[in-house]
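This report refers to the structure that appears directly beneath it.
We're numbering straight along the sequence, starting at 1. Below, all heavy atoms of this structure are taken into account, side chains as well, without hydrogens, waters or symmetry copies.
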Amino acid sequence: MKKVLTYGTFDLLHYGHINLLERAKALGDYLVVGLSTDEFNGLKGKKCYFSYEERKKMLEALRCVDLVIEENCWEQKISDVKEFRIDVFVMGDDWKGKFDFLKDYCEVIYLPRTPEISTTQIKNDIANKNI
Ligand code: C2G
């Protein structure tokens with residue numbers, strides 16, 4: 001069984017996230033998603049609209065997601081790859097190069113982002129009543 005791992009905040013889940021998750025799953029048989037906790041998002045300078053539990057519930061409802069684990073820090077990736085016997089690590093290409101250190105442990109693939117959508121864009125459009 002080929003296992004794939006990715007990480008993210010996935011706030012205000014949108015089709016850009018879904019594109020990434022479905023493409024990640026298509027690279028293997030089992031997809032593990034490291035979901036940023038509310039505390040870790042604080043470290044990332046991100047304030048989420050949905051709580052960790054609410055974001056987790058939405059991801060777990062997706063057919064392409066097999067397991068959701070907590071992402072509590074930047075440093076847990078190597079141990080996660082080992083613990084879950086990950087074959088492929090996937091991130092959107094806004095992270096290109098940032099996780100190449102994982103190449104010693106698994107394949108590292110950066111996938112093109114879905115260009116025109118983001119959580120920030122959604123928040124701005126709602127704030128500016130562009131909807
Ligand atoms: N993404 C995408 N297209 C978009 C928006 C996001 O492909 N339009 C991808 C991102 O590249 C990332 C994933 O979806 O791979 C999750 O995006 P975010 O929730 O914004 O994740 P981020 O805050 O970048 O956290 O340790 C890594 C971090 O947890 C990643």
Side-chain angles (χ1 to χ4, degrees):
M1 177 166 65
K2 195 167 184 186
K3 298 180 78 176
V4 184
L5 172 65
T6 191
Y7 294 86
T9 302
F10 299 103
D11 193 25
L12 299 182
L13 194 65
H14 55 67
Y15 65 90
H17 295 136
I18 303 296
N19 285 342
L20 189 283
L21 293 168
E22 288 186 335
R23 285 177 296 162
K25 176 61 176 280
L27 292 168
D29 311 292
Y30 189 91
L31 176 61
V32 180
V33 179
L35 180 62
S36 304
T37 58
D38 297 330
E39 297 73 23
F40 183 48
N41 276 316
L43 291 181
K44 288 201 279 188
K46 281 195 164 187
K47 175 101 184 66
C48 281
Y49 181 81
F50 289 122
S51 70
Y52 174 80
E53 285 308 320
E54 289 161 341
R55 289 180 286 120
K56 181 172 189 270
K57 181 180 180 60
M58 286 188 247
L59 288 181
E60 287 179 335
L62 298 178
R63 213 182 357 255
C64 63
V65 173
D66 296 288
L67 176 67
V68 177
I69 61 172
E70 286 189 3
E71 181 185 28
N72 296 293
C73 64
W74 295 110
E75 298 77 20
Q76 69 183 80
K77 293 184 174 65
I78 292 176
S79 57
D80 286 349
V81 167
K82 289 178 181 172
E83 180 183 348
F84 294 96
R85 300 192 188 319
I86 299 297
D87 304 289
V88 188
F89 172 84
V90 175
M91 284 303 290
D93 61 6
D94 48 316
W95 291 93
K96 193 163 181 59
K98 299 285 192 311
F99 301 114
D100 288 357
F101 62 89
L102 289 172
K103 286 180 177 172
D104 297 338
Y105 306 93
C106 63
E107 195 180 346
V108 174
I109 296 178
Y110 300 102
L111 295 173
R113 277 174 69 94
T114 303
E116 75 287 349
I117 182 76
S118 69
T119 304
T120 307
Q121 177 80 47
I122 295 169
K123 286 180 180 175
N124 291 344
D125 283 354
I126 289 172
N128 303 331
K129 298 188 178 39
N130 296 347
I131 49 173

* Got a salt bridge between Asp66 and Lys25, using NZ or NE/NH1/NH2 to carboxylate O under 4.0 Å? -> yes
* Side-chain donor-acceptor pair under 3.5 Å between Tyr15 and Glu116, yes or no? -> yes
* Asked: Would you call Lys77-Glu71 a salt bridge at under 4.0 Å N-O?
  -> yes
* Asked: Have Thr9 and Lys44 got a donor and an acceptor in their side chains that come within less than 3.5 Å?
  -> yes
* **Donor-acceptor pair between Asp87 and Tyr30 side chains, under 3.5 angstrom** => no
* Closest non-hydrogen atom pair between Tyr110 and Phe99, with its separation -> OH-N, 2.9 Å
* Between atom CD1 of Ile78 and atom CG of Asp104, what is the distance when rounded to the nearest 0.5 Å? -> 7.5 Å
* To do: Find out if a path of hydrophobic residues (ILVMFWY) with successive side-chain heavy-atom gaps under 4.5 Å connects Val90 to Leu59.
  => yes
* Between Asp29 and Lys2, is there a donor-acceptor pair closer than 3.5 Å when you use the side chain of the first and the backbone of the second? -> yes
* Structure fact -> NZ (Lys3) and CZ (Phe84) are apart, to the nearest 0.5 Å, by 7.0 Å
* Asked: For Thr119 and Asp11, does a side-chain donor sit closer than 3.5 Å to a side-chain acceptor?
  -> no
* To do: Group every Ile, Leu, Val, Met, Phe, Trp and Tyr by side-chain heavy-atom contacts under 4.5 Å, then state whether Phe89 and Val32 land in the same group.
  => yes
* Structure fact -> In this structure, OG1 of Thr6 is separated from CZ of Arg23 (nearest 0.5 Å) by 10.5 Å
* Asked: Any side-chain heavy atom of Leu20 within less than 4.5 Å of one from Thr114?
  -> no
* Asked: With a 4.5 Å heavy-atom cut-off, do Ile86 and Asp80 have their side chains touching?
  -> no
* Asked: Mind checking whether Val88 and Ile69 sit in one hydrophobic cluster, side chains of I, L, V, M, F, W, Y counted as touching below 4.5 Å?
  -> no
* Same cluster (ILVMFWY, side-chain, under 4.5 Å), Leu102 and Ile109 -> no
* **Heavy-atom pair of closest approach, residues Ser79 and Gln76** => OG-O, 2.9 Å
* Could you tell me whether Lys123 atom NZ has more than 12 heavy atoms of other residues or ligands within 6.0 Å of it? => yes
* Asked: How about Val65 and Glu60: do any of their side-chain heavy atoms sit closer than 4.5 Å?
  -> no
* **Tyr49 reachable from Val68 in the ILVMFWY side-chain graph, under 4.5 Å edges** => yes
* **Nearest-0.5 Å distance that lies between atom CD in Gln121 and atom CD1 in Ile126** => 10.5 Å
* Asked: Looking at CD1 of Ile122 and NE2 of His14, how far apart are the two atoms once the value is rounded to the nearest 0.5 Å?
  -> 5.0 Å
* Shortest non-hydrogen contact from Leu31 to Ala24? -> CD1-CB, 4.0 Å
* **Heavy-atom side-chain contact between Phe10 and Phe50 under 4.5 Å** => no
* Distance (rounded to the nearest 0.5 Å) between Lys46 NZ and Phe40 CZ -> 10.0 Å
* To do: Check whether any side-chain heavy atom of Arg55 lies under 4.5 Å from a side-chain heavy atom of Asn41, and answer yes or no.
  => yes
